[in-house]
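Both counts, for ligands and for their atoms, begin at 1 and track the order of listing. Quantities reported herein were computed from a predicted structural model and do not represent experimental measurements. No hydrogens, no waters, no symmetry mates; every other heavy atom, side chains included, goes into these values.
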Amino acid sequence: MSDIKVYPVDKEGAKSAWINEESYQQLYQQSVDSPDVFWADQAKRLDWITPFTKVKNTSFDPHNVSIRWFEDGELNVSQNCLDRHLATRGDQVAIIWEGDSPDESLNITYKELHEQVCKFANALKAQGVKKGDVVTIYLPMIPEAAVAMLACTRVGAVHSIVFGGFSPDALAGRIEDAGSHFVITSDEGLRGGKCVPLKKNVDLALNNPNVKVEHVVVIKRTGGDVAWSEGRDLWYHELMATASADCPVEVMNAEDPMFILYTSGSTGKPKGLKHTTGGYLLYASMTHQYVFDYKDGDIYWCTADVGWVTGHSYIVYGPLANGATTLMFEGVPSYPDSSRFGRVIEKHKVNQFYTAPTAIRALMQQGEDVLGDSDLSSLRILGSVGEPINPEAWEWYHRIFGKGQCPIVDTWWQTETGGIMIVPLPYATAAKPGSATRPFFGVQPRLVDNEGTELAGATEGNLVIADSWPGQARSIWGDHERFVQTYFSTFKGYYFTGDGCRRDGDDYYWITGRVDDVINVSGHRMGTAEVESALVAHPKVAEAAVVGYPHPIKGQGIYVYLTLQAGEDGSEELSKELKAWVRNEIGPIATPDLIQFAPGMPKTRSGKIMRRILRKIAEDDFGALGDTSTLADPSVVEDLISNRQNRL
Ligand code: WTA
């Protein structure tokens, strides 16, 4: 593809960068040729209570999937993120918190954060939280979210963060699956000037008889009214007022679970990916330093939410393990107006800025001067995550945010990978807009065809990873068999990512999107099966099929085909009702964009819905419907095409 622009490496910047073109080549080679030597060396970036003697012990053999790193080493995450920095940077700001309102912000030093974490860790212990217990965190983007996470790791509890936009039902399902007896929440959240009733959602979730929670700790954020269950509910500020600030860390094995994070798959309920202590922290910290070329004194801002893996690795753990100053933003890019990102960058003199293509496209739509007169001159590196970034959005980001001067790191990775996997290192890899480019150290991407045969050279196929890396998820909570089935049995001997990918003549990787029934809406992963099962729970719905379609801002939109129960008629009203129903069942991020009432679905004679056809119709790509002769009733296709929903 000759019309692709290449942005060469900035040689001047490379002189003082952590990694340049030569060191990337050399270290990458070592990382795959001698992983034991490479990772033992890298692991020195962490403080180990008991040094490890073994480095890598991993197998992707589907009969025996086992992933263990540094397995006899011992350490503690909160010690690595806090205590060890106190002597040298106790008074340095650890977290800059920027509130929903531009008038509210706060600086928290490492010393202060350490004190709060110790107190809250003691408070958790006093309420009965022990090593290995699962604590559910359902919080807005307030500093206490980081305090809660670190306090869990301090006492060896496993946190399970549920994104604050999820519904009471979704929350209940995750609390139950994790076997969690403790919940940390706030009275309300505040986003774009609107209150989100978090405590109320928790109360509703706990009405579910399968959910058995002993204590709910409530952080006062807005002061809004909340219902109170005496004995069960506890105010955070009251616990903190009496807690001691002296809390020795729990000694954890490198392979002890650190957190669970639920994500969507192509089938079934969301799965709780299990991440463990040593490998995860090492990988988050190392990728944060090298991908963002993080230097002491830099102000780093990742706009994700701690409810997603990006927030775990690149707001909290990576940056704090590195002694960085990390900015945490409570609000949204459009409030009070669309110049907000620019204003925050200017206010806090942000050096590294990491956001999602959907946010870039939403701003881009509003024109070149959307950031107003914000001074963006502090910016040095820009990052992108969550979905493929289209070259137009890349160019705009580069020009408007980066003034043509800042390298863009397009970071491909997943909840399962723990940290960034394919990425142009900012001063080591020439960028091509739209390509995640080259693998990070230790990552061995391969492309395979549908039979699992490895493909060579410039080609396209299923993206798999040939060997383990320390940040990899170890299992699915409570269901190791599903872990093996989902990731290691489709293509034997590899980890299967679920993504399709192209490799060009320069060995650059271009992620083309999911090849399974997962869609990516505004950078949020959604299982089409989850949305379908929410829809069929509605009394008027007989059958539902959900597919993605290209959406100018969200990347993919949610397109629903619905067959109603006999006697029910489709209407604008019912469409609205069903959208509200899904919001309520799962959360606003799962709201369907388009609903098409379809009296018949394209089914094979054995009754299986041919989703390929539905996908093509939703994409307005009728030329590529393929063979429809195997359908039980080929005439339904005509009906589906003529009644398709207008995408604009
Ligand atoms: C997609 C988010 C293209 C991909 C960190 C992956 C991307 C899924 C990129 C994981 C990128 C993420 N380019 N696609 N830079 N980053 N994806 O688990 O389909 O929420 O499988 O992790 O997002 O989403 P998850």
Aromatic rings His480 and Phe483: how do their planes relate, parallel, tilted or perpendicular, breaks at 30° and 60°? tilted
Partner set under salt bridge (charged side-chain N to carboxylate O under 4.0 Å, His left out) for [X], not counting sequence neighbours:
X      : result
Lys271 : none
Asp507 : none
Arg514 : Asp516

So, the side chain of Asp499 versus the backbone of Leu463: is there a donor-acceptor pair under 3.5 Å, distance only? no
Looking just at side-chain N and O atoms, do Asp449 and Asn462 make a donor-acceptor pair shorter than 3.5 Å? no
What does the 4.0 Å heavy-atom contact list look like for ligand 1? Val309, Thr310, Val385, Gly386, Glu387, Pro388, Asp410, Thr411, Trp412, Trp413, Gln414, Thr415, Asp499, Ile511, Arg514, Asn520, Arg525
